[in-house]
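What follows is a short report on a single structure.
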Amino acid sequence: MDGGYHIVVCGSIVPDPLQTLAPVEGPTGPSLKNEMMLPAVLDPWAGHALYEAAHLAKNMPGSKVWLVSLGPKQKLQQLMMSIAQKVSFELVVLDGPAGGFTDPCEVASVLAGGIETIQGLDRSRLLLFGGCASASRDAGVTMQMVGEQLGITDQFLGVDELVVQPDGTLKILERSEGGQYQVSVCAAAPALLAWATGNLPEPPNNPQIGMANMRTVMPALQKALPAKVGAEGVSFLSVELPKQRRETRIVRDMPPDEIAREIVDWIKG
Amino acid sequence: MDESNGENKVAELMSTLPGDDVRQIMWRFEERYEIQMVVQSARSIARGVVARLVAEGARNSHEWNEKKAQLLTGFDEVGLTTVFMDPEEGGFIAGPKNLALSLVAFELSWVDGGAATCSLASNLALSPIHEKGTPEQKQTYMSRCVPPLPGEDRKVWRGAFALTEPLPYVGVDTGILSGRMRVVEWKDGEEPLLHVEKRGRFITNMGFANFVTAAVDSDDDRIKGSAMIILEEGDEGSFDRGATTLKLVHQLSSTSDPILSLKVPASRIIGGYTVKEGVIIPNCNHGDVIESVFRRTRVPVAVMSSAKLLSAVEPVIRYQRTRFRGGSASSAGSPRYDLGLQQKEDALQRLVDVWACGEAGASLGFAAARLFDEFDPIEREKESILAERGIKGRAEVKMFKELEKDALEYLSLDHLPEAERDAARFQKLAEDTLVQFMIRESQANVLCPACKLWNTGYGATMMREAVSLMGGYGITEDCPGFLGQKWMDAQLEATYEGPEAVQRRQLSITINSELFLAQFRLWILDLRGIAGRRPQTGATALANAMELWLWTLGYLQGTKDADGKPLYHSQRHGVVFPFVDALCWLLASRQQILDMLVLEEKGPQNPVLTEGLTGFVTFFSDLCHVQAARSAAEVGRICAELVYGYQRDLAAIKDDDATFAVLRHKVDASLAGARLFKDRAAAAVSKVMIPEALDYPM
């Protein structure tokens, strides 16, 4: 693509997975014990998306990366001291909760709204990146809703590889099952890619990159607007740490309507 | 757990271990994001490459090898190599870097002290050039030591610092140098060529260094005095790295005994030289250079030992809590299962002692680092003022003696309420570089040796305590947190860059500075104020102990022993050495209290801390009290031994000593409540949430 891509990565903090994550009932609903006090890391799936974005931008001259983060700005500031040293990006901060007990639809609305405020963002060159899931809430739906709200209908979930082909089309590998990939070719941006792990290692810290990023990161943190995100009207019947659960069935050539009906039946129990 | 103290029952306990938000406030870098990034970088390499090397047994060899060399590339990659450099040299931190370097040492030694030494040693080699080098020398060697940028095709240089001899400043003979230099060729109008012979011992980084900054003395009438000189591996002659030192500790740093015999141009003399009547006169003798270097580089070493104590807290808590899990001795849900060894008061209280000592040491070390950050630009300005006025040698000493009264006046004005002082005079003195230089120098001359001495020396003792808390596990290679290795390493930290005796000798001289003592008196007044507002901190005990120490100083200086010999004499180590040890306890404890108060004051500004701030402040305040009580008791013991111990018998005790008894009693009585605060701190340790696992391999 001439002029490169405008890559927007959605990603925020999750508690450091080494910490004890104990759900507790608070005055405003469920939360994790000592959640604000626990050290936080960049959500691992969002991290993969960010590193892939930076890699793509490096190889496509004229590209630019934004990281749109919804989270408490003080905690995001701490996170930036590490993440901002790894790859170049411009930060957009949405100051709100980042825990696992928020409604994904509200989160998606806020993220989409944040993306719409980015000055100079060319929607025709937009690649919207994020994690296919989150370490704090593994619903795997947020990115799809962000895409929908921004009118991006080419959506790819569980992505492990993106290749920009010589003709400018995007070859995308999405995880399916048993180490298999669904291979798609997307004609052009805009597109949404919700990443699984990708193929890239975590880049080492580089303070020179960090110092360059900080010129925009600190002002972005200072001017962050509060974002109202929660789960108003939702009652949590019970809260527990996720247990490993997997019910896989491989079927071929099943019509989408039938897949949808089966899912609805499953939800209804 | 006895929670009989009424206050203990209602106080909010600390809920999690202190994180970066807490430390940034306490150690005053919450607004320095470049330093926060350095911390993250150092942590990433420490808990990644360094921890893996230790876990894989890289410490089990003395030789420098490819595996250990991963450290250097790791340091380069994450920017630690360039922390020392200024932006124009390829670095990224502008201005003084003492705090940044101390934090790097803290993070690295959290996992392994040898890795920290390896990182610091390169800076040590560059320090003489940085402090006293000519502009050309600075440009050449600083830029060579910056890792290549993308697209650059060059090798990064590494340095080693070769001294080995007794250190200057403290009264030892600085003229004893094994290194020699003489002129081998000096053509008219050309640069003289020197032959340098240097045999080093215990030289860090020597396994891979490309250049050495070496202390040498003249062996030629055509060279006057001593100097530090730069030797490169490509120079004509022999650059023999020598036999590897068979260290039992710090095996992730390279150490050997080099033999260097090289021909180099005189322009390699650090700071340059002038020629007068056919004689080469180095602009800086090696003593000047080393004094300037060591008083900065000793501070990160001090911080290293404290980092290790603090790093022990989490693994010890985890070990204590899980001690009885997995066997038939306890079932899930039982106190024995949940609390393990933490059911026992002793296990908790000993850990509180380790933690309090680590906090006090870190507070003192980082305070010294911050002081040098303030001091560096003032010192440079002072040097340029003196150069401009042509003042040096005795004239300089005389000038500073005359300025001392101005500095004392500034201190007394500074302590007055704003409305009561002569604002114009205060402003004038505040803007007087030489006055400000004197005040900070008098502090630096005490804080630097004090933190090096106390943090490493007493830190090593407390590291043994931490090891003991892990039972037999503590002295195995796979002890979580590598505590056994850290204990052994602490002994080297107490030894290199000036062993304990050197620090004690320096302190025995510098504590007599009237400027320092004036500040010490003001610190007592400040502590009395703190004690009024925050008695839980132990400030009363500390202020009383400081008063006792000050009185004892006067007594020792004016009194003779039973045989008529003066008590306070620099060579009377039996008196002055324990006496300066006592001061170190006081300084560390004071700084710990000040850091806690900063957390209490600034913590509410950080929304992240809203949830747990009260618990942190309570816990750190309790640790302050524990440490203040311990310090006060130690000072009482030392002073009593010195005051009474040199009298022949009970009958010889004089009226003067009654004053001592009163002051000593005040110290002892002010320990009231101290153990209750220790109980509460222990209760917090038994309840604090810790991560599920250590964040580095073992």
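All chains are named by letter (A, B, ...) in the order of the sequence lines, taking the proteins before the strands, and each is independently numbered beginning at 1.
Within 6.0 Å of CD in B:Glu31 there are 12 or fewer heavy atoms belonging to other residues, nucleotides or ligands. Other residues, nucleotides and ligands place more than 12 heavy atoms under 6.0 Å from the NZ atom of B:Lys67.
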message: Please determine whether side chain to side chain contact (heavy atoms under 4.5 Å, CB included) holds for the pair A:Met80 and B:Met37, giving the CA-CA distance in whole Å, both sets of side-chain angles, and the decisive distance to 0.1 Å.
response: CA-CA 8 Å; A:Met80 287 305 129; B:Met37 288 198 291; over 6 Å; no

message: Pair A:Gln77, B:Gln36 - check side-chain hydrogen bond (donor to acceptor under 3.5 Å, both in side chains), show working.
response: CA-CA 10 Å; A:Gln77 183 174 328; B:Gln36 293 174 27; 4.6 Å; no

- prompt: Is there a side chain to side chain contact (heavy atoms under 4.5 Å, CB included) between B:Glu611 and A:Asn34 once you walk through the steps?
  reply: CA-CA 8 Å; B:Glu611 195 177 307; A:Asn34 301 319; 4.0 Å; yes

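In this structure, CG on A:Asn206 lies 9.0 Å from CD on B:Glu77, to the nearest 0.5 angstrom. For the atom pair OH (B:Tyr33) and CG (A:Asn213), the distance works out to 10.5 Å, reported to the nearest 0.5 Å. The distance from the CG atom of A:Asp16 to the CG atom of B:Asp695 is 7.0 Å, given to the nearest 0.5 Å. Distance check, rounded to the nearest 0.5 Å: CD of B:Glu692 to CD of A:Gln19 gives 8.5 Å. Rounding to the nearest 0.5 Å gives a distance of 10.0 Å between CE of A:Met37 and CE of B:Met689.
Per-residue counts of heavy-atom pairs under 4.5 Å with chain B were compared for A:Gln78, A:Glu35, A:Lys73; the largest is that of A:Gln78. Between chain A and the options B:Gly79, B:Ser41, B:Gly19, the largest number of non-hydrogen pairs under 4.5 Å is found for B:Ser41.
Counting only distance, with no hydrogens or angles, the side chain of A:Gln208 and the backbone of B:Leu149 share no donor-acceptor pair below 3.5 Å. Judged by distance alone, the side chain of A:Thr20 and the main-chain N or O of B:Ile690 form a donor-acceptor pair under 3.5 Å.
Contact of B:Ile93 with chain A is not made at all, since no heavy-atom distance falls under 4.5 Å. Interface residue A:Gln85: only side-chain heavy atoms are found under 4.5 Å from chain B. Both the backbone and the side chain of A:Lys33 come within less than 4.5 Å of a heavy atom in chain B. Heavy atoms closer than 4.5 Å to chain A are found nowhere in B:Leu17, neither backbone nor side chain.
Between B:Val39 and A:Met81 the shortest side-chain heavy-atom distance does not fall below 4.5 Å.
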